[in-house]
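The structure under discussion appears below in the form of structure tokens.
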Amino acid sequence: MAGLPGTRTVHKTCNLCEATCGLLIEVADNRVVRIRADEDDAFSRGHICPKSIGLKQVQEDPDRLRAPIRRKAGSGEEAVWEEISWEEALDEVATELAKVQVRDGNDAVGVYLGNPGAHNFGTFAYIALLRQALDTKNNYTASSVDQNPKHASSLFLFGNTFSVAIPDVDRTHFMLMLGANPVVSNGSLMTAPGFRRRVRALQERGGKLVVVDPRRTETAALADEHLFLRPGLDALLLAALVHTVLDEKLGRTPHFAALLDGREHLAAALAPFAPEAIEGALGIPAVRVRALAREFAAAPSACCYGRVGTSLNPFGTLANWLVDVLNITTGNLDREGGAMFPTPAVDFAGLVELRGGSGPAVGWHTRVRGAPAFNAEQPVACLGEEITTPGPGQVRAMLTTNGNPVLSTPNGRALDAAFEGLEYCAAIDIYRNETTRHANVILPPTWSLEHDNYEAVFHQFAVRNTAKYSPPVLAPPPGQLHDWEILVELSLRLMEKKLAMKRERPHVRLGVRVLRSARGVFHPRRVLDWMIRIGPHGDGFRPWRRGLRVRDLEAEPKGRDLGPLVPSLARVLHTDAGRIDLGHPVMVGELRRLAAERRKPSAGEDGLVLIGRRDARTNNSWLHNIELAVKGRDRCTLLMHPADAGPRKVSTGMRARIESRVGAVTARVEVTDDVMPGVVSLPHGWGHHRPGMALRLASAHAGVSVNDLCDEQTIEPVVGNAVLNGVPVRVTAVDSA
Ligand SMILES: Nc1nc2c(c(=O)[nH]1)N[C@H]1C(S)=C(S)[C@@H](COP(=O)(O)OP(=O)(O)OC[C@H]3O[C@@H](n4cnc5c(=O)[nH]c(N)nc54)[C@H](O)[C@@H]3O)O[C@H]1N2
Ligand SMILES: Nc1nc2c(c(=O)[nH]1)N[C@H]1C(S)=C(S)[C@@H](COP(=O)(O)OP(=O)(O)OC[C@H]3O[C@@H](n4cnc5c(=O)[nH]c(N)nc54)[C@H](O)[C@@H]3O)O[C@H]1N2
Ligand code: SF4
Ligand SMILES: [Mo]
């Protein structure tokens, strides 16, 4: 299809979710006229979802910030904001953060990085500089309400947090999926645009998809089989499956069998998990579990895959580890149609090794609760108490970027109040929302369409090796800074200010000045080129060799196909011994804990537990201020099984009060047998009713925040991940429709 008359067409990779769809964006007069799918995209091949229009709607959203603003006086409803210059804004933020750090120590400033940062190469390239400048233990990211258990299990098995095995969906004959809904989420730690199409192809070649989920999801509806599972029991089910594989000697020998250690420790630790022994706790008949293990092991190829449901879970790391152990013990790891390691142009596992490796899983424990800091990050479930608990190391000031922890992390209400009490707060963000309304200064970067990009993180997790570079689509307003420029500028100013305040090390100060004058050199495109050159497809800086460069990708806007996944274990295995320990002591310890608890997840006195939900038209908490998300029916509803609704006298359309240990909210109910009895579901990311935000449309469709119910005290012990599913709640009828 040709572009509309008078427009020019620019190729762009959508950065709204992990699917990395190729778009054709038609532009006239520096405005987006139309967005459509790129049928020729090397990877997405014409896939697109309704959310892509969000790129245009956010671009044109009058509430999106275009210039720095300062809260002159007051807070909440009474806050008075003024626009200020970039110079003034950057100088104030650097000065105020430096003051707090020089006075109370570096840990007195906390930093939180949220999800969209992973979709922006510039942010990804320079967040490390900011962390270096701040040098604080109070380093938080959305990973501790998301995928840290997968990084930990990858570290335990393969020695690198980025050695993550991805289901080879396009060639597998059997996919066992736990706690994921890619038909709606479009895939996560599995970059696979057009998942629906890929499932159809799997079924057409005689393969099978089995989904395990407490809700009959949109993905479960496509599956050949759906098993209901009580929230939190994935590790128990997986332990029973691996037990069966070992017990019945199922599966084939992996090609790397000689590298496997600890089989006896694994077998011993799994002894309590025979399907018959745990049948009652699991709620799935033992014969069914055994049959599933046999079918998985006998398939010509099979892959087990778990995502958010297995991660936001009291045994998250163990469940993620057992996913890979099931793939290994059935001979399906690093093999076509199994779980495989991508060979991306920018290889983070390799980059981490260049920096000296992933380091220990747990670096230190948090000041207040003694929770583990994983991957040099503290669990964000602990952030509130680190702000409110007095003593050395107390967080006095915060910098948030690309994140909205008030809505996206547990006990958001308490965190909200904690932010209110901060001495100083700054945000790098495009909106004044639930979190950034607490800022003294907000620094708004250019938006996605106004800068170039490379989805490095998601090529790393893709079901096919491709590489695609996006140029800017629109020219940003004059003077507005990109995320990376704000990060570089703020980091350098912060270093300068701290050194000046401490009156020390003039040579370092000089170094910072030199770095600053050379800022042009820092363009992320250069960093990207460098990373690609040292990557698996690059020339290794040996110009006589042919290798991929950014300029090649610029010349191929549809992306370069680098082929299907290939066996790569030798390249990604970075354990000290170069071997894989199936008896890893931490995981054996977790199996013991599981055997001891072997309980049903604690339901409230009311017998109900709460799980989350994602919607095709929204993205976490922040895509709600545009027509796309708020059009049509109310999406923030509580799903409830008829057997639970009846006795509580609630029916579809009525409002119900949902109450947990930490809070209560009211939402409209939808009665459905798509959720299992005893489980209720409320989506996350809503609750836009707080005073002092500038989100007109979102506030008019506020909804309630599920994270006002999730308990910050319940964390997974290995990496401190939040447990946002299986939250005990009580539900009561409020009124009639
Ligand atoms: N109960 C429950 N809670 C959950 C989840 C769940 O399943 N259940 N899921 C969790 C998961 S998986 C995640 S990833 C987290 C997400 O948690 P967060 O990352 O904290 O939250 P987001 O809603 O993604 O907020 C993104 C922020 O980035 C801003 N932003 C958008 N684009 C840009 C940009 O280009 N530059 C900058 N500087 N800012 C930008 C937005 O305005 C918004 O403030 O939520 C988690 N929370
Ligand atoms: N439209 C849309 N797409 C998105 C996002 C979005 O907000 N909206 N967010 C993006 C982000 S940040 C991420 S991380 C991905 C997430 O991608 P997915 O993980 O695919 O998405 P979820 O919908 O969170 O799927 C989690 C599933 O786990 C189930 N579940 C809950 N508890 C348990 C449990 O204990 N065990 C099992 N087995 N299942 C359980 C839930 O019912 C749900 O179906 O999606 C991304 N894509
Ligand atoms: S699936 Fe994800 S990447 Fe593709 S168009 Fe939709 S939001 Fe964008
Ligand atoms: Mo996420």
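Numbering of ligands and ligand atoms starts at 1, following listing order.
- For the ligand labelled ligand 2, residue T310 lies outside the 4.0 Å heavy-atom shell.
- Ligand 2 has no N or O atom lying under 3.5 Å from any N or O atom of P214, backbone or side chain.
- Residue T714 is tested with N411, V662, V723, L724 for a side-chain contact (heavy atoms from CB on, under 4.5 Å); the sole match is V723.
- Close contacts between ligand 2 and D146 involve ligand atoms 14 (S) [criterion: under 4.0 Å to a heavy atom].
- Below 4.0 Å from some heavy atom of P231 lie the following atoms of ligand 2, by number and element: 34 (C), 35 (O).
- Neither the backbone nor the side chain of L407 has any atom closer than 4.0 Å to an atom of ligand 1 (non-hydrogen atoms only).
- With hydrogens left out, the protein atom closest to atom 35 (O) of ligand 1 is D483 OD2, 3.7 Å, a heavy atom.
- If you check which protein heavy atom lies closest to atom 10 (C) of ligand 1, you get V145 O, 3.2 Å.
- When distances to atom 4 (Fe) of ligand 3 are checked against a cut-off of 2.8 Å, C17 contributes no N, O or S atom below that limit.
- Close N/O approach between I428 and ligand 1 is found [any backbone or side-chain N/O within under 3.5 Å].
- Aromatic rings from W447 and W622 are positioned such that their centres are separated by under 6.0 Å.
- Closest protein heavy atom to atom 42 (O) of ligand 1: D429 OD1, 2.6 Å.
- Proximity of T20 to ligand 3, defined as any heavy-atom pair under 4.0 Å, is confined to the backbone N, CA, C and O atoms.
- Shown in contact with L16 at under 4.0 Å from a heavy atom are these atoms of ligand 3, numbered in order with element: 7 (S).
- Nearest to atom 6 (C) of ligand 1 among the protein's heavy atoms is H684 ND1, 3.5 Å.
- At the top of the distance list for atom 1 (N) of ligand 1, counting protein heavy atoms only, stands N707 OD1, 3.0 Å.
- Below 3.5 Å of separation, one finds an N or O of V212 facing an N or O of ligand 2.
- Contacts with ligand 1 closer than 4.0 Å are made by no heavy atom of T409, backbone or side chain.
- The shortest N or O to N or O distance between C17 and ligand 2 is not below 3.5 Å.
- Ligand 2 has at least one atom lying under 4.0 Å from a heavy atom of A616.
- Evaluated by nearest non-hydrogen atom to atom 45 (O) of ligand 1, the leading choice among S408, P405, P410, S621 is S408.
- For the ligand labelled ligand 2, residue R613 lies outside the 4.0 Å heavy-atom shell.
- To the nearest 0.5 Å, atom OG of residue S144 and atom CD1 of residue I715 are 9.5 Å apart.
- Note: no N/O pair closer than 3.5 Å links T446 and ligand 1 by distance alone.
- Close contacts between ligand 3 and N186 involve ligand atoms 1 (S) [criterion: under 4.0 Å to a heavy atom].
- Counting heavy atoms under 4.0 Å from ligand 2, residue N725 touches it through the side chain alone.
- Contact annotation for N115 and ligand 1: heavy atoms of both the backbone and the side chain come within less than 4.0 Å of the ligand.
- Polar contact with ligand 2: absent for R230 (N/O pair, distance under 3.5 Å).
- Between S448 and ligand 1, a contact under 3.5 Å exists for no N or O pair.
- Protein heavy atom at the shortest distance from atom 33 (C) of ligand 1 is N402 OD1, 3.6 Å.
- Counting the atoms of ligand 3 from 1 in the order shown, those under 4.0 Å from a heavy atom of C14 are 3 (S), 5 (S), 7 (S), 8 (Fe).
- Taking every heavy atom of C49 and a limit of under 4.0 angstrom, the matching atoms of ligand 3 come to 1 (S), 5 (S), 6 (Fe), 7 (S).
- Shown in contact with S52 at under 4.0 Å from a heavy atom are these atoms of ligand 3, numbered in order with element: 5 (S).
- Among L610, D615, N620, V723, the residue whose heavy atom lies nearest to atom 12 (S) of ligand 2 is N620.
- For a threshold of 3.5 Å applied to N or O pairs, the pair formed by T618 and ligand 2 contains at least one separation below that value.
- The only member of R635, K51, K631 that meets salt bridge (Lys or Arg N to Asp or Glu O under 4.0 Å) when paired with D615 is R635.
- With a heavy-atom cut-off of 4.0 Å, R614 touches ligand 1 through its side chain alone.
- Residue contacts with ligand 2: G179 is placed with a nitrogen or oxygen under 3.5 Å of a nitrogen or oxygen of the ligand (distance criterion only).
- Checking G114, A19, S185 against atom 20 (O) of ligand 2, the nearest heavy atom belongs to S185.
- Annotation: side chain of F315 is in contact with side chain of E597 (closest heavy-atom distance under 4.5 Å).
- Here the heavy atom of the protein found nearest to atom 4 (Fe) of ligand 3 is C21 SG, 2.3 Å.
- Using a 4.0 Å cut-off between heavy atoms, T435 makes no contact with ligand 1 at all.
- In the vicinity of K51, heavy-atom distances shorter than 4.0 Å reach the ligand 3 atoms 7 (S).
- Every heavy atom of N186 sits 4.0 Å or more from the atoms of ligand 2.
- Of all protein heavy atoms, the one closest to atom 24 (O) of ligand 1 is W622 CD1, 3.4 Å.
- Contact atoms of ligand 2 toward N313: 35 (O) (distance under 4.0 Å to a heavy atom of the residue).
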